[in-house]
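Read the structure below first, then the notes.
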Amino acid sequence: MSRAQIVTSPAEAVAGIEDGSTVLVGGFGMAGMPVTLIDALIEQGASDLTIVSNNAGNGDTGLAALLAAGRVRKVICSFPRQHDSYVFDDLYRSGKLELEVVPQGNLAERMRAAGAGIGAFYCPTGVGTPLAEGKERRTIDGRDYVLEYPIQGDYALIGAQTADPMGNLLYRKTARNFGPVMATAARTTIVEVRETVGLGEIDPEAVVTPGIYVDRILDLSALASQEVAS
Amino acid sequence: MSRAQIVTSPAEAVAGIEDGSTVLVGGFGMAGMPVTLIDALIEQGASDLTIVSNNAGNGDTGLAALLAAGRVRKVICSFPRQHDSYVFDDLYRSGKLELEVVPQGNLAERMRAAGAGIGAFYCPTGVGTPLAEGKERRTIDGRDYVLEYPIQGDYALIGAQTADPMGNLLYRKTARNFGPVMATAARTTIVEVRETVGLGEIDPEAVVTPGIYVDRILDLSALASQEVAS
Amino acid sequence: MSIAVAATQTLEHLDRGPLSKDELAALVARDIPQGSYVNLGIGQPTTVADHLSADSGVVLHTENGMLGMGRAAQGDEIDPDLINAGKVPVTEPPGAAYFHHADSFAMMRGGHLDVCVLGAFQVSATGDLANWHTGAPDAIPAVGGAMDLAIGAKDVFVMMTLFAKDGTAKLVSECTYPLTGVGCVSRVYTDRALFLVGADGATVVETFGMSVEELDERLDIDLRTL
Amino acid sequence: MSIAVAATQTLEHLDRGPLSKDELAALVARDIPQGSYVNLGIGQPTTVADHLSADSGVVLHTENGMLGMGRAAQGDEIDPDLINAGKVPVTEPPGAAYFHHADSFAMMRGGHLDVCVLGAFQVSATGDLANWHTGAPDAIPAVGGAMDLAIGAKDVFVMMTLFAKDGTAKLVSECTYPLTGVGCVSRVYTDRALFLVGADGATVVETFGMSVEELDERLDIDLRTL
């Protein structure tokens, strides 16, 4: 029923993503960025999307290309402005894109809350700053907090290193970043991995994302073999 | 300054635990139970303690012995009553011990909140039950939640499998349980491990508790060698 | 509730007596969809595992930090570091994963498990569950993971006898025992009948050695049929 | 603030000019206690690492999920999967640990880091920090981890020039730029002086090429000395 499914094409991986969906997109800079899945999403054509990601695209590829294609209604991120975020910058300045800026740790914790069934949490980050304006505030044990709500995704697109047939995932170095959190926070989690291994080949002690959080797996190495073969 | 310190005796491991401290004690049943550290705490003599642990002691050893020695003022746990929890049962029934029963997941999440700097969180567990009586309640997006506060420890006593000189920890199978959470939630975390390994011998991808959460490490295998030698 | 019922009409099995414990466990197992993530509560619910075929692809969760839990360990397999929520030694099949308690209960509370099977003292027609405390004034309260399990899974199945030893019904209009969770149960599997419960009340799906009419007489709730 | 100041009396170094960037980084490094867990913000704070000796035992945290981060990677060491918060490739020394973003920011927000070193546009005498936004109406807001870093560490050190290019002081009675955090900074390291800041206001610890009296004239805050 909910067991992870190994898909054989990028199109199959992103099939069914509806217009208006909230899509969590992994990666910090290029590390962990699910480039193949983002390209497939552009191809797939879903529009009016809310994208939740740390950044808002670089250059003309990946998220920037998705933005440039006019598919995104709103971006929720911590750091949209970068030296090459011109696609985002133009859309934002011309009022074609809604932006919610969230401190990076709150972005992670709000997705964690969604995945963990927490209704809201009092967070000390941003108290007294413009980003806390209009938010409920409370003093607990002498410290000030603002109330933060979960960010739940309809879909998560993430990159990982290794998957097994149970959907258990390993990541690699700092490419781990948002992946494990987003995997818990979306109704459907779609992962591109660099390799798949056999059952029992991942050490149960070392699993970072247990398979219960993974719905579809696209094996990039298998894809590369297909391309060579065709 | 705050780097983990390898101690050579159980007495050194628990040195300085003050009367009135809140002590988080790992383990689920006997799995992950820091038996040597608990025995050392009994020897050390600190009293008027608040103990936070899943259970409240079995038979006459470990936590039960600490309770029997009259050192504990209050127990915060999810499941005190067991077939052999007679020490706890007697003390509780005779009014010598305060008890706060917390659903197991709330126990874990409240300690996680303490470690993660979260001031409080809205939790769906226990809504409408006697354990939510007197707690603040809120409906968020149509679901009911109660407000839960962090449980911060002065000390955590936990068991783990392996430590390296940085204090990074690995656990073994379901003996992991509360250890990683308690390590984050205490001002001073004291760990008994079955083995220590050299720097670089733990895979950075597989670290469960990063060394920043570990203050004192007691190597049970070194202890056993000492005993053989003496 | 997210699992649909296959039956289109209430079935009365009147050619037989009540279900045995083993038959009840088999009935629950029958209704767990292939590939589900499932938590089996301690005690009787644990026996459901014996009726899940190897090719069911069902993955068991134990709240003390493991997904893909194996069967009870025997002989040399017993490892004190590898136990289930009932503190019984279990095995580690290939593909398992370990995690800590906060992650384990986040998995549960976050609604990621498909089915949780629990025992009960009482269940109300609207799905309230009482299974942690008899309410006896001298009882030492102990909740464990019961309240987390009750509210976590997409479907919470209760398995119990329909009547207590004194003959009183355990499926009730309102629980008299202290609650574990409100409106959280979706199905009640008993030796006498299988019920759907929830906001719309109780519906009989199947009976065993008892007619719907007899059930209606012995239960103090409005019963519907499919 | 948890790190004590060694100096018992305010020192005026009048026989020299202001600190160079390199000297400033060395000064910050001098004050980081042995074995501390430290996060160095992107930009100038990163250069503090060059002044931490190998035997300092300082462990670097990067908020994108690593403890025990190594120096900048060079040549063949460059691995796109191994970067710091500034997206610069770094190395993995023995004893490092990786974790995900929620765990990384829990580590920070939970107060487990000893020191965080940040740049700033402005700092107030009471420790308010402004370092994420100039307040320009057409600027695209982008906060990254700045607000998390500001409130997370036991000690937050700011390093900056004391005066902006137009000569206005950046240590102020009240920040005019949008805040990153309130009362979060404990020390301000500048080319002209080192200050303690906090609820009690600003105290001059050391000056470089400027007397306390001159500082007092150029800053619009009450200055105390040790």
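So that the names make sense, note that chain A is the first sequence line, chain B the second, and so on, each numbered from 1.
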Short question: side chain of [X], backbone of [Y] - any donor-acceptor pair under 3.5 Å?
X        : Y        : value
C:Ser104 : C:Glu63  : yes
A:Glu192 : A:Thr36  : yes
A:Ser221 : A:Glu195 : no

Flag the one option from [options] with the top tally of heavy-atom pairs under 4.5 Å to chain C.
options                                : result
A:Met166, A:Glu201, A:Arg187           : A:Met166
A:Asp203, A:Leu199, A:Val207           : A:Leu199
A:Pro165, A:Ala206, A:Gly167, A:Gly115 : A:Gly115

Legend entry - Residue part contacting chain A, namely of C:Met107, when any heavy atom lies under 4.5 Å: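 Both backbone and side chain.
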
Legend entry - Part of C:Leu113 lying under 4.5 Å from any heavy atom of chain A: both

Legend entry - Output field: ring centroids C:His112/C:Tyr37 closer than 6.0 Å: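 Ring centroids of C:His112 and C:Tyr37 are no less than 6.0 Å from each other.
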
Legend entry - Contact origin within A:Arg112 toward chain C - heavy atom pairs under 4.5 Å: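 Side chain only.
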
Legend entry - Rounded distance [0.5 Å steps], CG in C:Leu129 versus OH in C:Tyr177: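 Reported value, rounded in 0.5 Å steps: 13.0 Å.
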
